[in-house]
Amino acid sequence: MDKSEWQAKGEGHRQRLRDKFLAQGIEAFTDSEIIELLLTFGTPRADCKEAARAALAQFKTLPAVLDAAPVQLQQIKGIGPKNTFALHFIQGVARRYLRQRIVGKQYVHSSREVADYLIHAMRGLQHEVLTVVFLDAAHGIIDSVVAAEGTVTVNTVYPRELVKAALAHNASALVIAHNHPSGALAPSRQDEELTRSLHLICSFMHINLLDHLIIGASDQVYSFADQGIMAKIRDDCRRILERAG
């Protein structure tokens, strides 16, 4: 088979994948086929089937492939800079889509969508990130921003800057979230100290800190509110404010 015949055969296979998506949707695809089609966006004339299978074998899951660093991906035969660009571009599009989808919705009815966005944006990061979701008085979602990067503790997060950002967004309430690169979900003592400090400072400005979410390695999220920790912190801070008053 000469080069032109090989390319024609490959194009026929890629067209069949595209037709399959148009006819049946993403649920009809295996993870390997999804990765393969994404890789072809970077090298449209190359056969990406084996590279996709190798990437899935190396990283085990589709999210792990999308989260992998370019240098890790490019160690796989058949994956180069153009392929990794395609993978990370679609990852970036998905994050923006999920972020913009939650804006304007009421948090109490859309907390799962917020968690989905945070999981997608923060899972797999090799460093800690603190994200803040700003809410209005009716707990409608105004926006979300990355407020800090690096080790997230009471000594590295600046409450004054966080409150300033909340006031700039006209926010009446906040939800904060940070990731554990280790993959663990359980909060540390420092996580609880940070939450208590932020809640107290926000209370002075009449801003309600509703929850602190921890993003681990899976699709699950640890919620301080769901675990009853926020209620205890809220009671502790109320007593402090009463004594201060």
Side-chain angles (χ1 to χ4, degrees), residues 59 63-74 84-85 87-103 107 111 113-135 141-171 173-202 205 207 209-225 229-230 233:
F59 298 105
V65 172
L66 295 177
D67 290 336
V71 67
Q72 294 175 303
L73 288 166
Q74 290 172 36
T84 57
F85 169 81
L87 290 173
H88 286 157
F89 182 75
I90 198 68
Q91 175 82 312
V93 170
R95 286 176 179 170
R96 181 172 293 188
Y97 164 74
L98 290 171
R99 176 173 174 267
Q100 292 186 0
R101 189 177 67 170
I102 63 175
V103 173
Y107 179 77
S111 58
E113 290 182 77
V114 173
D116 288 342
Y117 159 64
L118 294 170
I119 288 168
H120 192 85
M122 302 170 73
R123 177 189 58 200
L125 295 177
Q126 300 303 307
H127 60 287
E128 288 191 26
V129 166
L130 178 74
T131 297
V132 182
V133 180
F134 299 103
L135 311 172
I141 300 166
I142 300 170
D143 200 359
S144 67
V145 300
V146 174
E149 297 191 43
T151 303
V152 176
T153 70
V154 70
N155 296 318
T156 59
V157 175
Y158 300 101
R160 182 177 64 181
E161 296 302 316
L162 193 150
V163 170
K164 184 191 298 184
L167 294 173
H169 283 82
N170 293 317
L174 306 175
V175 172
I176 63 172
H178 83 281
N179 62 308
H180 280 176
S182 66
L185 278 177
S188 66
R189 182 176 56 81
Q190 289 85 354
D191 293 337
E192 293 197 29
E193 288 179 0
L194 172 63
T195 310
R196 183 171 279 100
S197 296
L198 289 178
H199 191 286
L200 182 60
I201 292 169
C202 286
M205 301 302 296
I207 298 171
L209 178 59
L210 295 179
D211 203 355
H212 184 171
L213 305 173
I214 297 178
I215 312 300
S218 68
D219 288 341
Q220 299 200 337
V221 173
Y222 185 97
S223 163
F224 277 47
I229 300 174
M230 287 306 304
I233 288 175

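Bear in mind the structure is a predicted one, so any value in this text is a computation, not a measurement. Any value given below was found using the heavy atoms of this structure, including those in side chains, with hydrogens, waters and symmetry copies removed.
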Determine, for Glu161 against Lys164, whether the closest basic-nitrogen to carboxylate-oxygen distance falls under 4.0 angstrom.
yes
For the backbone of [Y] and the side chain of [X], can you confirm whether one donor and one acceptor N or O come within less than 3.5 Å of each other?
X      : Y      : result
Gln126 : Gly124 : yes
Asp211 : Ser223 : no
Asn179 : Arg123 : no

Which is it for Thr131 and Val145 under the side chain to side chain contact (heavy atoms under 4.5 Å, CB included) test, yes or no, and what are the steps along the way?
CA-CA 6 Å; Thr131 297; Val145 300; over 6 Å; no
Enter the distance from [X]:[atom1] to [Y]:[atom2] here, rounded to the nearest 0.5 Å.
X      : Y      : atom1 : atom2 : result
Leu194 : His212 : CG    : NE2   : 6.0 Å
Leu200 : Leu209 : CG    : CG    : 11.0 Å
Asp191 : Ile176 : CG    : CD1   : 9.0 Å
Thr195 : Ile233 : OG1   : CD1   : 5.0 Å
Ser197 : Gln190 : OG    : CD    : 11.5 Å
Tyr107 : Leu174 : OH    : CG    : 11.5 Å

What is the minimum heavy-atom distance between [X] and [Y], and which atoms define it?
X      : Y      : result
Ile207 : Ala171 : CG1-O, 4.1 Å
Leu210 : Ala225 : O-CB, 3.9 Å
Pro187 : Ile229 : CG-CD1, 4.5 Å
Leu162 : Leu130 : CD1-CD2, 4.4 Å
Ala147 : Val132 : CB-CG2, 3.6 Å
Ala184 : Ile214 : O-CG2, 4.3 Å

Non-hydrogen side-chain atoms of [X] and [Y] separated by less than 4.5 Å:
X      : Y      : result
Ile215 : His178 : no
Leu98  : Ile102 : no
His127 : Pro181 : no
Val221 : Leu118 : no
Val114 : Val175 : no
Gln72  : Phe59  : yes

Working note: Arg99 + Asp143, criterion side chain to side chain contact (heavy atoms under 4.5 Å, CB included); need CA distance, chi angles, decisive distance, verdict.
CA-CA 8 Å; Arg99 176 173 174 267; Asp143 200 359; 2.6 Å; yes
Phe85 and Phe89 aromatic ring geometry - parallel, tilted or perpendicular at 30°/60° bounds
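Ring orientation of Phe89 relative to Phe85: parallel.
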All salt bridge (charged side-chain N to carboxylate O under 4.0 Å, His left out) counterparts of Glu113, not counting sequence neighbours
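Testing Glu113 for salt bridge (charged side-chain N to carboxylate O under 4.0 Å, His left out), a comparison that skips the adjacent residues, returns Arg101, Lys105.
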What side-chain hydrogen bond (donor to acceptor under 3.5 Å, both in side chains) pairs are there with at least one residue in residues 88-98, not counting sequence neighbours?
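The answer is Asp67-Gln91, Gln91-His120.
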List for me each residue that meets ring pair (Phe, Tyr, Trp, His ring centres under 6.0 Å) alongside His199, sequence neighbours excluded, and say none if there are none.
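With neighbours one apart ignored, the set is empty.
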